[in-house]
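These notes are about the structure you will find just below.
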Amino acid sequence: MINEILAAKPLSKRSLSLDYIRATIILLVLLLHTIVGYVPWASFNPLDYIHSTAPIVDANTSMVFNFLPLLINSFFMALLFFVSGLFVWKSIANKGSIRFLLDRLVRLGIPFLVMVGIIMPLAYYPSFLQTGAEESFISYWSGWSWRSGPAWYLSLLFVFDLLAAICFKFAAYSNRSAPKNIIRQPSSFFIVLVFLSCVSFLSMFAMYGPYQWLEWPPFTIGQACRIGLYLVYFFEGVYLGAFGLESTFLRHPGPLSSRWWMWLLASLIAAVALVITTFAVKIDPAGPWSRPNGWFLFGFCFVMYSAILSLAALALFLRFVDIRVSWADSLCKNSYAIYIVHYPFVVWTQYVLLGWSMAAEIKAVFVFTISLAVSWATSVMLRQIPGIKAII
């Protein structure tokens, strides 16, 4: 198998569609963090503000946002792990395992430490003030619980990169050829993806439920039921990327992009099914996980939705994104830094707007727009520094 992979067509440059889809996912991350402060089911716990549904929970809420977090959060991180895995195998082949891991340690590890030590304390200080505390930031920071927050993605991605480097070593001793249908036909790939996702997700879902996060104090590792799911998506991306995009269904034109309308229609059906099963199961987010009636159907709908939405997004971007736009290129270049720095801007803007008398939808627009603009500008300034630009 290793000989077949290394003989595959090399990736001479990154796909424009994949660069743009990665940047779009970062926008969805920012959007999700914006609207969770304005959903009807949001709650703030002054005794344990770290584990509130959001750092800032506004009294003004909107039913418009009721199911939007579910629809966003049920596919976009899985897709991000998939895209992150696409160029891993070729990178290891070109650099070697040790250099690859050292590069990833710098590119992921340094931002992780910055997020844990600086970004997250800044982000949660308004939440801390909401508890009625009056401590200065220095006093608050000295007693900070060192939660990693959104930095969990960076740490988990590094673990997956490490596993990929180990697999690369073992693959050198394998002579098995790859099944052609899996890499060339999206339907075959979809079946394998759903099967592996069901095995990894439903087993963890039955044990932990949908809301429990795995934490190794002081670090957040990730949502317990989704870690296996993310691993599957990452290695599916690694597997496809090893053969070169032009050798897979991700080529354009290709079988995925040409049937974009089928995947789009399927995604609408999957979204309706997910919302209906979510409403029917009536899982209590505040109580212990007890596997209510319908949990298996909900879990299966979640897996199907994640897989269908991911392929639909890929199909749409491969089909319609083929022209470079200057502002979109800038967003792509700065998307990683935006992910790193955006959280304090979101939370502080929400905090400032708490006393403002306006509709939740308008507040959300303000928060998203201001946070994106300031995060983007911050990224542009940071990337003017050579040492920092090499990392982000």
Side-chain angles (χ1 to χ4, degrees), residues 1-23 25-26 76-112 151-174 176 178-179 182-184 189 192-193 196-197 200 222 226-251 307 310-311 313-314 317-318 332 335-336 339-340 390-392:
M1 179 179 176
I2 186 64
N3 294 329
E4 183 179 358
I5 290 175
L6 294 179
K9 189 174 182 179
L11 293 175
S12 59
K13 61 179 181 180
R14 293 193 175 188
S15 164
L16 174 65
S17 300
L18 295 176
D19 278 345
Y20 280 18
I21 201 171
R22 183 188 290 110
I25 294 172
I26 300 304
F76 75 144
M77 292 308 296
L79 179 57
L80 184 58
F81 275 108
F82 173 81
V83 175
S84 298
L86 284 173
F87 301 96
V88 166
W89 198 268
K90 290 296 180 181
S91 182
I92 299 175
N94 293 332
K95 297 179 180 179
S97 298
I98 301 300
R99 183 186 167 193
F100 167 78
L101 289 175
L102 289 175
D103 287 349
R104 299 305 285 165
L105 184 61
V106 171
R107 185 163 167 77
L108 298 174
I110 293 178
F112 177 84
W152 68 267
Y153 166 71
L154 306 184
S155 58
L156 193 58
L157 181 58
F158 179 77
V159 172
F160 290 172
D161 286 332
L162 176 60
L163 293 176
I166 295 173
C167 290
F168 184 88
K169 288 293 185 181
F170 281 101
Y173 303 101
S174 174
R176 293 183 179 181
I182 296 178
I183 64 175
R184 293 179 179 176
F189 177 83
V192 174
L193 179 63
L196 295 177
S197 297
S200 61
R226 301 188 188 187
I227 291 178
L229 180 78
Y230 295 151
L231 182 66
V232 167
Y233 274 76
F234 176 80
F235 272 96
E236 289 288 283
V238 171
Y239 184 76
L240 286 185
F243 295 92
L245 298 184
E246 292 304 317
S247 301
T248 73
F249 63 81
L250 292 177
R251 65 187 182 275
S310 295
L311 287 173
L314 289 166
F317 275 76
L318 288 170
C332 288
S335 61
Y336 183 38
Y339 182 87
I340 294 170
I391 296 174
I392 60 176

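Computed from heavy atoms alone, side chains included, the values below leave out hydrogens, waters and symmetry copies.
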* To do: Evaluate side-chain contact (heavy atoms from CB on, under 4.5 Å) for Ser84 paired with Phe160, printing each intermediate quantity in order.
  => CA-CA 10 Å; Ser84 298; Phe160 290 172; over 6 Å; no
* Asked: Given the rule in the side-chain contact (heavy atoms from CB on, under 4.5 Å) test, do Phe235 and Val88 qualify, once you have shown the distances and angles that lead to the verdict?
  -> CA-CA 9 Å; Phe235 272 96; Val88 166; over 6 Å; no
* Look up atom CG in Leu80 and atom CD1 in Ile26, then write down how far apart they are to the nearest 0.5 Å. => 5.5 Å
* Asked: From Leu162 CG over to Leu157 CG, what is the distance, rounded to the nearest 0.5 angstrom?
  -> 11.5 Å
* Asked: So, do Leu79 and Leu314 sit near enough that their side-chain heavy atoms are less than 4.5 Å apart?
  -> yes
* Asked: Is there a side-chain contact between Phe249 and Leu311, using heavy atoms and a 4.5 Å cut-off?
  -> yes
* To do: Rounded to the nearest 0.5 Å, what's the gap from OG on Ser15 to CG on Leu250? Could you check?
  => 8.0 Å
* Can you find a heavy atom in the side chain of Phe158 that is under 4.5 Å from one in the side chain of Leu154? -> no
* Asked: Of the non-hydrogen atoms in Phe234 and Ala164, which two are nearest, and what is the gap between them?
  -> CE2-CB, 4.1 Å
* Compare every heavy atom of Ala23 with every heavy atom of Ser335, then report the nearest pair and how far apart it is. => CB-CA, 4.1 Å
* Identify the heavy atoms of Ala307 and Leu193 that sit nearest to each other, and give their distance. => CB-CD2, 3.9 Å
* To do: Locate the shortest heavy-atom distance separating Arg251 from Thr248; write the atom from each residue and the value.
  => NH1-O, 2.7 Å
* Supply the atom-to-atom distance Arg184 CZ to Phe243 CZ, rounded to the nearest 0.5 angstrom. => 10.0 Å
* Asked: Counting distance only, does the side-chain N/O of Ser91 pair as donor-acceptor with the main-chain N or O of Phe87 below 3.5 Å?
  -> no
* Asked: Does the separation of the ring centres of Tyr233 and Phe81 fall below 6.0 angstrom?
  -> no
* Structure fact -> Rounding to 0.5 Å, atoms CG (Asp103) and CG (Leu108) come to a distance of 10.5 Å
* Quick one: CG on Leu231 to CG on Leu156, what's the gap to the nearest 0.5 Å? -> 8.0 Å
* State, yes or no, whether a side-chain contact exists between Glu236 and Val192 at a heavy-atom distance under 4.5 Å. => yes
* Give the intermediate values and the outcome of side-chain contact (heavy atoms from CB on, under 4.5 Å) for residues Leu102 and Lys95. => CA-CA 10 Å; Leu102 289 175; Lys95 297 179 180 179; over 6 Å; no
* Could you give me the CA-CA distance, side-chain angles and deciding distance for Phe82 and Leu240, then say whether side-chain contact (heavy atoms from CB on, under 4.5 Å) is met? => CA-CA 10 Å; Phe82 173 81; Leu240 286 185; 3.7 Å; yes
* To do: Over all heavy atoms of both residues, which pair between Ser97 and Lys169 is shortest? Give the atoms and the distance, please.
  => OG-CE, 3.6 Å
* Examine Phe100 together with Phe168 and report whether their ring centres are nearer than 6.0 Å. => no
* How close do Val106 and Ile391 get, heavy atom to heavy atom, and via which atoms? -> O-CG2, 3.9 Å
* Where the side chain of Tyr336 meets the backbone of Arg107, is there a donor-acceptor pair that is under 3.5 Å apart? -> yes
